[in-house]
J.: 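Got a structure for you, questions after.
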Amino acid sequence: MNISEFARSRGIEPQTVRHYVNDHEDIKKHTKKVGKTVELSDEAIELLDKIYPLPRPVQLMNGVDPEEHKAVVDKLSSAQEYIIKLHETVEQLKDKVNENEKLIAQAEAQKILLEDKNSQLEAARAEGEKKDTEIDYLKKANEDLQAELERLKNRSFLDRLFNK
């Protein structure tokens, strides 16, 4: 097989192969020039085959190239992993939301209790102020009665007689 035939079978230019052969002594020593063409030995073809492999026919699986199929399957599996992680994250967030709702309910119950205690305190404070007012009134009345008693004690005999 010559360089032109090898290049044609690989779908590349013969000059590409010729330059590669001339640049690599390990391949060049397995070639033989016959007239104007360079013949390749089996060893040279083997070495060149590693560099310029035969184009392999595209195998279709249900009308899809296997490489495209593999890429789609890889994307699908990574998407599934992502969805699983998202699902786990959503479940964790749901748990936190439930926990927060419980804390909010407890806080609201405590707020209601606090408001009730505050209203009781205000009622007690108002009652205390009312009692203070009554006490002040009774003290004033007591002072007035004490003053009247003192006045009655200090009356003269005639005033007592005529109840003045």
Side-chain angles (χ1 to χ4, degrees), residues 6-17 19-21 23-27 45-164:
F6 180 84
R8 230 179 290 122
S9 70
R10 303 308 196 260
I12 54 176
E13 294 292 321
Q15 287 162 331
T16 305
V17 178
H19 283 298
Y20 190 83
V21 168
D23 290 345
H24 294 85
E25 285 296 321
D26 58 328
I27 297 174
I45 291 172
E46 255 182 65
L47 293 171
L48 284 172
D49 200 28
K50 292 176 185 174
I51 306 303
Y52 305 107
L54 281 171
R56 59 187 183 120
V58 175
Q59 297 174 342
L60 299 179
M61 179 185 298
N62 295 333
V64 179
D65 180 24
E67 291 176 12
E68 287 180 41
H69 178 71
K70 184 180 181 326
V72 169
V73 168
D74 290 344
K75 284 181 183 178
L76 179 63
S77 63
S78 65
Q80 286 174 334
E81 290 173 12
Y82 182 72
I83 288 171
I84 290 169
K85 288 178 184 176
L86 279 179
H87 183 66
E88 291 170 355
T89 304
V90 166
E91 289 300 318
Q92 290 172 349
L93 289 175
K94 282 181 181 178
D95 291 343
K96 286 184 179 182
V97 165
N98 288 337
E99 195 175 306
N100 287 341
E101 286 176 349
K102 288 177 185 176
L103 290 173
I104 289 170
Q106 288 175 350
E108 287 176 352
Q110 295 219 347
K111 180 183 173 188
I112 291 169
L113 287 173
L114 184 60
E115 288 172 352
D116 186 47
K117 292 290 183 185
N118 282 339
S119 66
Q120 288 176 1
L121 180 62
E122 287 298 318
R125 189 174 286 140
E127 185 67 27
E129 288 175 2
K130 184 179 174 184
K131 295 291 183 186
D132 286 345
T133 305
E134 285 181 27
I135 289 172
D136 290 342
Y137 175 75
L138 290 174
K139 281 182 181 178
K140 178 77 171 131
N142 188 25
E143 288 173 4
D144 291 344
L145 288 175
Q146 287 293 333
E148 183 64 22
L149 181 62
E150 270 309 304
R151 187 187 66 75
L152 290 175
K153 279 184 184 178
N154 294 335
R155 296 187 287 181
S156 65
F157 178 72
L158 288 175
D159 285 338
R160 286 184 190 175
L161 188 60
F162 293 113
N163 199 18
K164 289 187 180 179

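Since we're looking at a predicted model, the values are computed, not measured. Numbers for residues simply follow the sequence, beginning at 1.
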J.: How long is the straight-line distance from CG of Asn98 back to CG of Leu103, given to the nearest 0.5 Å?
T.: 11.0 Å

J.: What distance do Lys102 atom NZ and Glu99 atom CD have between them, rounded to the nearest 0.5 Å?
T.: 7.5 Å

J.: Which residue pairs pass the side chain to side chain donor-acceptor pair (under 3.5 Å) test when at least one of the two sits in residues 121-132, sequence neighbours left out?
T.: Glu122-Arg125

J.: Would you call Glu148 and Arg151 a salt bridge, using N to O less than 4.0 angstrom?
T.: yes

J.: With the threshold set at 4.0 Å, does a side-chain nitrogen-carboxylate oxygen contact exist between Lys140 and Asp144?
T.: yes

J.: Mind checking whether Glu91 and His87 have side chains closer than 4.5 Å, heavy atoms only?
T.: yes

J.: Look up atom CD1 in Ile135 and atom CG in Asn142, then write down how far apart they are to the nearest 0.5 Å.
T.: 12.5 Å

J.: Which value, rounded to the nearest 0.5 Å, describes the distance between Tyr20 atom OH and Ile27 atom CD1?
T.: 5.0 Å

J.: Is the shortest side-chain heavy-atom distance between Thr133 and Tyr137 below 4.5 Å?
T.: no

J.: For Glu115, does the CD atom sit with more than 12 other heavy atoms under 6.0 Å from it, leaving out its own atoms?
T.: yes

J.: Give a yes or no on whether the backbone of Lys153 and the side-chain of Arg160 come within a donor-acceptor separation of less than 3.5 Å.
T.: yes

J.: Would you give the length of the straight line joining atom CG of Leu76 to atom NE2 of His69, rounded to the nearest 0.5 angstrom?
T.: 9.5 Å

J.: Please name all residues satisfying salt bridge (charged side-chain N to carboxylate O under 4.0 Å, His left out) with Asp23, sequence neighbours left out, ordered by chain then number.
T.: none

J.: Hey, could you give me the CG/CD1 distance between Asp116 and Ile112, rounded to the nearest 0.5 Å?
T.: 9.5 Å

J.: Is the shortest heavy-atom distance from the side chain of Val97 to the side chain of Lys94 under 4.5 Å?
T.: no

